[in-house]
Structures are given as structure tokens and as C-alpha cells.
Amino acid sequence: MAAPQNSAAPTPSGANSVDATLVALFDLLLIVGFFVCTAVLLTAVFSKRIVRSRQWYIFMGFGSWWAIQHQLLLGHQLTPGPPPHFLCLLQSSFIYAAPPANTFCLLCIFLQLFLLLLEALKNRPGLERMFSPFLIGVPFLAYFGVFLVALANGLGHPEQVARDEHGLTCHLTSSATMYLTAGLVTFACIAMIIIEVFTFTLLWKNYDRVQQLNFTTQGDQISLSIAIRTSIFSLLPILAVGVSIGMIVSRSSSTNSSEPPSAAPDLVMAVLPLSAGVIYGTQRDILAAWMFWKPSLSTLSPEKLPKGGV
């Protein structure tokens, strides 16, 4: 996920340089993303036909929360004066913590899939269950760890808490917390790429056997659908790392310029919940639950998932 913004020069008021159209687009993407992501999450929660893992629920929950925390400044983005200090500090701390948590959550989804495959193909029962506390806890540890670091930094240096140049969100003008966020996201992305390579290599070498194995109590066979969708979405955190690096370069190059840095990182952040909702909301069982008025769809079998449903 995209790392939050930093600036060498805060813009406490910033109203004169704020683009109202950009603010409206940013808010619209987040609001739509929140409703789409939450709709997919609640559909899985209340439908008896849809089975997903705890990692998936945590990830989609983080997606909805991502949209909320980026909207905490709503109503204070176009004001001529600075936003309330505590609200600004709280939002900046949330925003710095969100990218590592979401990326580690995505990593844990792939780890779960890989462990389930090892269980079945290498006859190692209980492997996924043994690592389950780790898979559930890591995203929360990343989130609250970075949140506390950012909060402590903001409380110790209140002058560093400011609204960004575009008036969209709050951030800390110190680069330390941003580097922590970008470093954790980079680490998780590298680990995720490695796990993806191992997972798809295992699937490729054992494809015929995988099609004959049962991964759920209902006897459904594993499908590559979830793995492919997760791989598609995993490109977004990798893109976010590149955007974050570009953001640092942009801000460095704009130090002696009157022009504000590019708003591309902000728009990448805004589109993430919508992307998650669309990618995972277009699965067959989710669509069947929504299109209940079509008998042909209501008879579809649930999406073929690994045990626990990734």
C-alpha cells in the first residue's frame, strides 16, 4: 500500500493552493471504495454459502477502515485555517500504519494458501493451524506498532503535524516515520513475491494432483481463482512502493520549486479500497449472493476454495 506523504515544508493553511476538484475526486473514490469493500465483506459475513478465511475477513476489514481513516479530514480539507490538531495527528498516525498492515495481511493470505498446499501435497497435517496465530496477529502488530511510533513522533514534535500540500490528508513533516512505513511495505512485498513464486511453482508441478485433492469438508476442489485474484491485487502494494519512492524524489525535487508535488500518490491511496472490492467482489459466489433474483445464479456452487476459504 502506498506510504503516506511527507513534506519538508508544511502548509498549515493551504486553502489557496488546494484544488477543489482534486479533493472531490479523492473523497469520491474513497467513499465509493468504502461502500463497495464493505458490501463485499458483509455479503461474505451474512451468506451461508460463502466461506472465507479469517485472513480474508481481516484484509477486507482493513480495506474498509483504510477508506474511513483517509476521510477523517472530511470537512477540513478546504478550510483556510489548519484542521484541529488532534484530529490531524490521529489521521496521520492511522495513515502511516495502514500500508504495512494491509500488505502484511495480503502476505498472510498467500502464506495460508502455501501452507494448505504443503499440508495436502507433502502430507503434513496441522501445518496451517500451527501458524494460524502468526498469520492473524502479524497485520495487527504491524498496524499498532507503526501507529504508536507515528503517534509518539507527533506528540513529541507537534510542529511536524500538518495538512499536506493538496489539503487531502494530514501527515508528519519528518521523514523518519515514512521511511519506517515504506521499509515495512517493501519487506512485505519482497516476502510476498517469494511466497507467490513458491506457491505457483508448487501448483504447477502438482497441478493434476491438486485437482484431485479435497480442501474442504464439502469436497470442493481447490481453484486457482483466489490465488490469481490475490496475485492481481498484490501488484498494488508493489506499485505503491514505486509510488512512494517517486513521491520522495518528487518532494526532494520540489524543495526549491513553488509547484506542489504530484497528487498521484494520493489518488493511488484513494483507489485501493475500490480495487479490493472489485477484485474480490466479482467472485462467482459473491455475485450469486447479490443476484438472488436470478434462479440460474442462485444454483451455482460456492467458489472452490482451500480449507477455510482464502
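Everything quoted here is computed from the prediction, not taken from an experiment.
Between Pro100 and Leu184, the shortest heavy-atom contact is CB-CB, 3.9 Å. Closest approach of Arg54 and Ser132 over heavy atoms only: NH2-OG, 3.0 Å. Between Ala289 and Ile50, the closest heavy-atom pair is CB-CD1, 4.0 Å. Heavy-atom minimum distance, Pro273 versus Ala270: CD-O, 3.6 Å. Here the closest non-hydrogen pair linking Arg129 and Glu119 is N-OE2, 4.0 Å.
Residues Ile58 and Leu141 are members of separate hydrophobic clusters, defined by side-chain heavy-atom contacts under 4.5 angstrom among Ile, Leu, Val, Met, Phe, Trp and Tyr. Both Tyr57 and Leu106 belong to a single network of hydrophobic side chains, linked directly or stepwise wherever heavy atoms of I, L, V, M, F, W or Y lie under 4.5 Å apart.
Two residues are said to be in side-chain contact when any heavy atoms from C-beta on lie closer than 4.5 Å; Gln283 and Arg52 meet this criterion. Looking at Pro82 and Cys88, their side chains never come closer than 4.5 Å, going by heavy atoms from C-beta outward. With contacts defined as side-chain heavy-atom distances shorter than 4.5 Å, the pair Leu135/Ile109 does not qualify. Residues Phe59 and Pro139 have side chains not in contact (no heavy-atom distance under 4.5 Å, counting atoms from C-beta outward). Side-chain contact between Arg49 and Asp285 is absent, with no heavy-atom pair separated by less than 4.5 Å. Within the 4.5 Å cutoff, no side-chain heavy atoms of Pro99 are placed close to those of Met269. Within the 4.5 Å cutoff, no side-chain heavy atoms of Tyr280 are placed close to those of Ile286.
Between the CZ atom of Phe94 and the CG atom of Leu89 there is a distance of 10.0 Å, given to the nearest 0.5 Å. We find the CG-OG1 distance between Leu74 and Thr169 to be 12.5 Å, quoted to the nearest 0.5 Å. Taken to the nearest 0.5 Å, the OG1 atom of Thr177 stands 12.5 Å off from the CD1 atom of Ile95. The OG atom of Ser53 sits 4.0 Å away from atom CD of Gln112, with the distance rounded to the nearest 0.5 Å. The structure places CG of Leu73 at 5.0 Å from CD of Gln91, a figure rounded to the nearest 0.5 Å. We find the CG-CG distance between Leu155 and Leu151 to be 4.5 Å, quoted to the nearest 0.5 Å.
No donor-acceptor distance shorter than 3.5 angstrom exists from the side chain of His157 to the backbone of Asn153, with no hydrogens or angles considered. Thr282 places a side-chain N or O within 3.5 Å of a backbone atom of Ile279 that can act as its donor or acceptor partner. At distances below 3.5 Å, not a single donor-acceptor pair connects side-chain atoms of Thr79 with backbone N or O atoms of Gly75. Between the side chain of Gln160 and the main chain of Leu172, no donor-acceptor pair closer than 3.5 Å is present.
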List the atom pairs, with distances to 0.1 Å, where a side-chain N or O of residues 27-39 and a protein N or O form a donor-acceptor pair under 3.5 Å, not counting sequence neighbours.
from  : atom 1 : to    : atom 2 : distance (Å)
Asp27 : OD1    : Gln71 : NE2    : 2.8
Asp27 : OD1    : Gln77 : NE2    : 3.1
Thr38 : OG1    : Phe34 : O      : 2.7
Thr38 : OG1    : Ser64 : OG     : 2.9

Is there a ring pair (Phe, Tyr, Trp, His ring centres under 6.0 Å) between Tyr96 and Phe147 once you walk through the steps? CA-CA 7 Å; Tyr96 281 102; Phe147 172 79; over 10 Å; no
Starting from the C-alpha separation in whole Å, work towards a yes-or-no answer on ring pair (Phe, Tyr, Trp, His ring centres under 6.0 Å) for Tyr143 and Phe104. CA-CA 9 Å; Tyr143 186 87; Phe104 273 105; over 10 Å; no
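Ring-centre distance between Phe114 and Phe131: not below the 6.0 Å cut-off.
Phe134 CZ: 12 or fewer foreign heavy atoms inside a 6.0 Å radius.
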